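To keep things clear, I will list the structure first and then write my remarks on it.
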Number of protein chains: 2
Amino acid sequence: MDPVHEADTSGATGPIDKVADLGRDIGDYIRQQRNTAKISLRQLSKLAGVSNPYLSQIERGLRKPSAEILQQIAKGLRISAEALYVQAGILDEPIGGPVVDAIRVDSALSERQKQILLDVYESFRRENAEDRTTSDAPGQSDMEAQ
Amino acid sequence: MDPVHEADTSGATGPIDKVADLGRDIGDYIRQQRNTAKISLRQLSKLAGVSNPYLSQIERGLRKPSAEILQQIAKGLRISAEALYVQAGILDEPIGGPVVDAIRVDSALSERQKQILLDVYESFRRENAEDRTTSDAPGQSDMEAQ
DNA sequence: GCAGACTGCTTGCAAAAGCTAGCAAGCGGG
DNA sequence: CCCGCTTGCTAGCTTTTGCAAGCAGTCTGC
């Protein structure tokens, strides 16, 4: 009933692609998570508080959901909004560890100060990495595939 | 836009999650950051790749920017998108163990490096305390950095 | 065969986002 | 004085989001 599912192969996509390629990634991820959770599209739509057609379009990359909607979907799926934002390409931070996290959320620091601290921290880590030759790259994997 | 909003949102970010407040909050934060960076509205709009009137409306809380726009603004301001999302209420604060604790436990740093980081951190905090004089963000526990 | 309930998808429409063009006010220099 | 350049804000328009309503296909039981 749905033979029309040929992905248009974004490699040769014309200049008309604006919403499609960005939304497709996130939609794929959501659908995958939904299937993993074994719930139907309508169920998730109800859980997330969005309409079922809209969720369908999001999953197929026809619509680009706002951050609010994204957050509600994340809640419905019981996954972190962060993971979803990373998938959506609106958060490119792969997290750097407890220190980085702690600095980022510290409300006692200004953004400039955070940046300085993070820079110093990063330079220390690089410094040590040189010492240990090429052993670096701590936990980079995300994706909570329960 | 969202008259039917039965989701409780667990109140982790704030007691009130009103869209209007949300926009005003984030706008205020952006304007504050922009003034701190000493750049004009039009300059930031160019840096962020958005139109200047739209940025003006965002700062005054008349429009609710999408996550993409937020990210571009964050980039233009050289601040983390995460902080902006938290301000916008679309990202819960990812737990915040004290910075000091995280640094102390970090095995990637030497003791000397830890000391430097802690010193810088504490100096920042003192700086802010003097600057703002008794007005600070909520939930500040006493964390000494010796 | 045919209700009934499930799956997901398509269609039109209201509302909001987001941009282009243009406005009044402030400031320095000729 | 007036010119040019900047500051931020307003008006009107196009594009997109997001939803209500409705459609086709698949099982299950009668």
Side-chain angles (χ1 to χ4, degrees), chain A residues 1-8 15-24 26-28 30-77 84 88-90, chain B residues 1-7 18-24 26-28 30-76 84 88 90:
Chain A
M1 86 280 315
D2 189 7
V4 194
H5 221 156
E6 332 294 329
D8 52 337
I16 320 175
D17 266 353
K18 198 170 152 202
V19 179
D21 45 3
L22 185 73
R24 185 129 182 277
I26 176 72
D28 241 22
I30 291 174
R31 176 157 291 190
Q32 166 199 315
Q33 289 297 316
R34 181 171 62 79
N35 287 334
T36 304
K38 300 269 199 305
I39 55 180
S40 77
L41 193 148
R42 277 187 159 90
Q43 276 181 305
L44 176 56
S45 78
K46 200 156 240 176
L47 274 164
V50 304
S51 71
N52 69 81
Y54 189 49
L55 180 57
S56 168
Q57 289 168 322
I58 289 172
E59 289 191 348
R60 284 174 302 141
L62 302 182
R63 288 283 201 278
K64 181 195 74 168
S66 73
E68 278 96 336
I69 298 289
L70 231 45
Q71 192 199 27
Q72 295 184 34
I73 291 174
K75 282 199 165 125
L77 280 172
L84 228 51
I90 58 174
Chain B
M1 168 212 249
D2 191 5
V4 189
H5 201 184
E6 84 270 63
K18 220 164 185 178
V19 187
D21 280 352
L22 199 133
R24 212 203 131 263
I26 178 72
D28 241 23
I30 290 174
R31 176 156 291 190
Q32 167 198 313
Q33 290 296 316
R34 180 170 63 81
N35 288 334
T36 304
K38 299 274 198 303
I39 55 179
S40 77
L41 192 147
R42 274 187 160 89
Q43 275 181 305
L44 177 56
S45 79
K46 199 155 238 175
L47 276 164
V50 303
S51 70
N52 68 80
Y54 188 49
L55 179 57
S56 169
Q57 289 170 322
I58 289 172
E59 289 191 347
R60 284 175 299 140
L62 302 182
R63 289 284 200 277
K64 282 149 277 185
S66 72
E68 274 98 334
I69 299 289
L70 276 181
Q71 191 203 26
Q72 301 192 189
I73 291 174
K75 280 201 166 117
L84 226 48
I90 59 174

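In what follows, chains carry the letters A, B, and so on, assigned in the order in which the sequence lines appear, proteins first and then strands, with residues in each chain numbered from 1. Keep in mind it's a predicted model, so treat the numbers as computed, not measured.
Distance CD1 (B:I69) to C1' (C:dA17): 9 Å, rounded to an integer number of Å. In this structure, B:R63 atom CZ and D:dT17 atom P are separated by 16 Å, rounded to whole Å. In this structure, B:L41 atom CG and D:dC5 atom C1' are separated by 16 Å, rounded to whole Å. To the nearest angstrom, C1' of C:dA17 lies 16 Å from CD1 of B:I26. Separating the NZ atom of A:K46 from the P atom of D:dC19 is a distance of 14 Å, rounded to the nearest angstrom. Look at CD on B:Q57: it is 10 Å from C1' on C:dA17, rounded to the nearest Å. Between the CG atom of A:L55 and the C1' atom of C:dG8 there is a distance of 11 Å, given to the nearest Å. When the P atom of D:dG8 is taken as reference, atom CD of B:E59 falls 8 Å away, rounded to whole Å.
DNA chain C is contacted by both A:Y54 and B:Y54; A:Y54 maps to the nucleotide lying nearer its 5′ end (nearest heavy atom per residue). Between B:R42 and A:N35, the one whose closest nucleotide on DNA chain C sits nearer the 5' end is A:N35.
A salt bridge is absent between A:E68 and B:K64: the closest approach of a Lys/Arg side-chain nitrogen to an acidic carboxylate oxygen does not fall below 4.0 angstrom.
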What's the verdict on side chain to side chain contact (heavy atoms under 4.5 Å, CB included) for A:L41 and A:R31, showing C-alpha distance, side-chain angles and the deciding distance? CA-CA 9 Å; A:L41 193 148; A:R31 176 157 291 190; 4.2 Å; yes

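Using a 4.5 Å cut-off on side-chain heavy atoms (C-beta onward), A:V50 and A:I58 make no contact. The side-chain heavy atoms of B:I69 and B:L55, taken from C-beta on, include no pair separated by under 4.5 Å. Contact of the A:I30 side chain with the A:L84 side chain is registered, since non-hydrogen atoms from C-beta on lie closer than 4.5 Å.
Counting atom types as modelled, A:N52 pairs no side-chain N or O with a base atom of D:dC19 as donor and acceptor under 3.5 Å.
An OP1 or OP2 oxygen of C:dG8 is reached within less than 4.0 angstrom by a side-chain nitrogen or oxygen of A:R34. Remark: B:S40 is not in phosphate contact with D:dT6, judged by side-chain N or O atoms under 4.0 Å from OP1 or OP2. Checking the phosphate oxygens (OP1, OP2) of C:dG8, no side-chain nitrogen or oxygen of A:R31 falls inside 4.0 Å. Residue B:S56 has no polar side-chain atom (N or O) positioned under 4.0 Å from OP1 or OP2 of D:dG8.
Picking from C:dT10, D:dT7, C:dG8 the nucleotide with the shortest atom distance to the side chain of B:Q43 gives D:dT7. With D:dC9, D:dA21, C:dA17 as the choices, the nucleotide that has an atom nearest any side-chain atom of B:K64 turns out to be C:dA17.
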